[in-house]
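All ligand and atom numbering here is 1-based and tracks the order in the structure.
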Amino acid sequence: MNIPEVAPLLNKMAQDIQDKIISRLAEQPAMIGIHTGGAWLAEYLHKALDLQQPLGLMDISFYRDDFQGKGLHPQVKPSNLPFHVEDQHIILVDDVIMSGRTIRAALNELFDYGRPAAVSLVTLVDLPRRELPFQPDVVGISMDLAPEQRIKLGGPEPLTLTLLEPKA
Ligand SMILES: O=P(O)(O)OC[C@H]1O[C@H](OP(=O)(O)OP(=O)(O)O)[C@H](O)[C@@H]1O
Ligand SMILES: O=c1cc[nH]c(=O)[nH]1
């Protein structure tokens with residue numbers, strides 16, 4: 001399988017966010033990156049789009065539906081949303097969407113801060129294996145992986161996509 005470079009995908013995503021999301025809003029949106037890969041991407045997109053509100057960061061570890069079985073990741077970071085969520089249009093950024101469970105957790109945490117006007121979803125990679133009904137508004141690339149294959153974003157500098165094959 002051909003694994004694409006991240007930089008051209010990000011440039012196209014920034015343009016799509018401008019055309020499909022921001023240009024339709026009366027006010028500037030706020031952006032939140034999901035720790036860790038989503039935060040790297042959001043940092044780039046936030047700069048490229050010259051958004052006025054400071055960038056938010058979310059670590060959804062406590063909100064995962066497998067939290068009890070998995071426990072906490074050793075590098076869990078606090079979420080930091082330096083703007084009012086209430087009535088704000090939010091652009092949520094993650095590196096990959098597969099089952100949709102990470103986005104479910106992110107929305108649960110987000111609504112603990114307030115009731116946003118709307119939430120748009122942006123992901124670098126879309127793996128069409130959804131278990132919950134979430135669809136991104138802007139996608140870098142859709143990939144059809146074999147059941148045991150995984151795609152991983154490396155970063156923060158340079159940002160790279162790597163295909164992980166199942167262990168033999
Ligand atoms: O739609 P889903 O099935 O929830 O998959 C998407 C999530 O999977 C990865 O996170 P992972 O939990 O592997 O941890 P990471 O952020 O440390 O890579 C990725 O960063 C997404 O957040
Ligand atoms: O391949 C996958 C599936 C879920 N999450 C990832 O980051 N990669």
Please tabulate, one pair per line, all N/O donor-acceptor pairs under 3.5 Å involving side-chain atoms of residues 139-155, not counting sequence neighbours.
{"residue": "Gln149", "atom": "OE1", "partner": "Ala146", "partner atom": "N", "Å": "2.9"}
{"residue": "Gln149", "atom": "NE2", "partner": "Glu165", "partner atom": "OE1", "Å": "3.1"}
{"residue": "Gln149", "atom": "NE2", "partner": "Glu165", "partner atom": "OE2", "Å": "3.0"}

Shortest protein contact, atom 2 (C) of ligand 2 (heavy atom only): Arg150 CD, 3.4 Å
Hey, is Glu131 touching ligand 1 through its side chain, its backbone, both or neither, going by heavy atoms under 4.0 Å? neither
Using a plain distance cutoff, I'd like to know if Gly100 has any nitrogen or oxygen under 3.5 Å from a nitrogen or oxygen of ligand 1. yes
I need the atoms of ligand 2 closer than 4.0 Å to a non-hydrogen atom of Leu127, numbered in the order shown. 1 (O), 2 (C), 3 (C)
Go through it in stages, so that I can follow the logic: the residues are Ser79 and Glu109, the test is side-chain hydrogen bond (donor to acceptor under 3.5 Å, both in side chains), and I'd like the CA-CA distance, side-chain angles, deciding distance and then a yes or no. CA-CA 9 Å; Ser79 295; Glu109 176 163 1; 2.6 Å; yes
List ligand 1 atoms under 4.0 Å from Val96, heavy atoms only on the residue side. 6 (C), 7 (C), 21 (C)
Just heavy atoms, cut-off under 4.0 Å: does Arg64 contact ligand 1 by side chain, backbone, both, or neither? side chain
Checking the side chain of Arg104 only, and the main-chain atoms of Tyr63 only, is there a donor and an acceptor separated by less than 3.5 Å? yes
Atom pair CD (Gln18) and CG (Leu49), whose distance is rounded to the nearest 0.5 Å: 6.0 Å
Which atoms of ligand 1 are found less than 4.0 Å from any heavy atom of Lys152? 15 (P), 18 (O)
Show your reasoning for whether side-chain hydrogen bond (donor to acceptor under 3.5 Å, both in side chains) applies to Asp19 and Gln15. CA-CA 6 Å; Asp19 296 346; Gln15 190 61 54; 3.2 Å; yes
Between ligand 1 and Gly37, is the shortest N or O to N or O distance under 3.5 Å? no
Any residue meeting side chain to side chain donor-acceptor pair (under 3.5 Å) with Ser120, in chain and number order, not counting sequence neighbours: His89
Atoms in ligand 1 with a heavy atom of Ser99 nearer than 4.0 Å: 1 (O), 2 (P), 3 (O), 4 (O)
Atom 1 (O) of ligand 1: which of Arg130, His35, Met98, Arg104 has the nearest heavy atom? Met98
Answer with yes or no whether Asp95 contacts ligand 1, where contact means a heavy atom under 4.0 Å from a ligand atom. yes
Applying a 4.0 Å heavy-atom criterion (strictly less than), which segment of Thr102 is in contact with ligand 1: side chain, backbone, both, or neither? both
According to a 4.5 Å side-chain heavy-atom criterion applied to Ile, Leu, Val, Met, Phe, Trp and Tyr, with indirect links allowed, do Phe134 and Leu110 form part of one hydrophobic cluster? yes
Checking side-chain hydrogen bond (donor to acceptor under 3.5 Å, both in side chains) for the pair Gln88/Glu27: CA distance, chi angles, key distance, verdict? CA-CA 9 Å; Gln88 176 72 59; Glu27 287 171 16; over 6 Å; no
Donor-acceptor contact present, side-chain His46 to main-chain Gln53, <3.5 Å: yes
Just to be sure I'm reading this right: ignoring hydrogens, which of Val96, Ile151, Leu161 gets closest to atom 8 (N) of ligand 2? Compare them by their nearest heavy atoms. Ile151
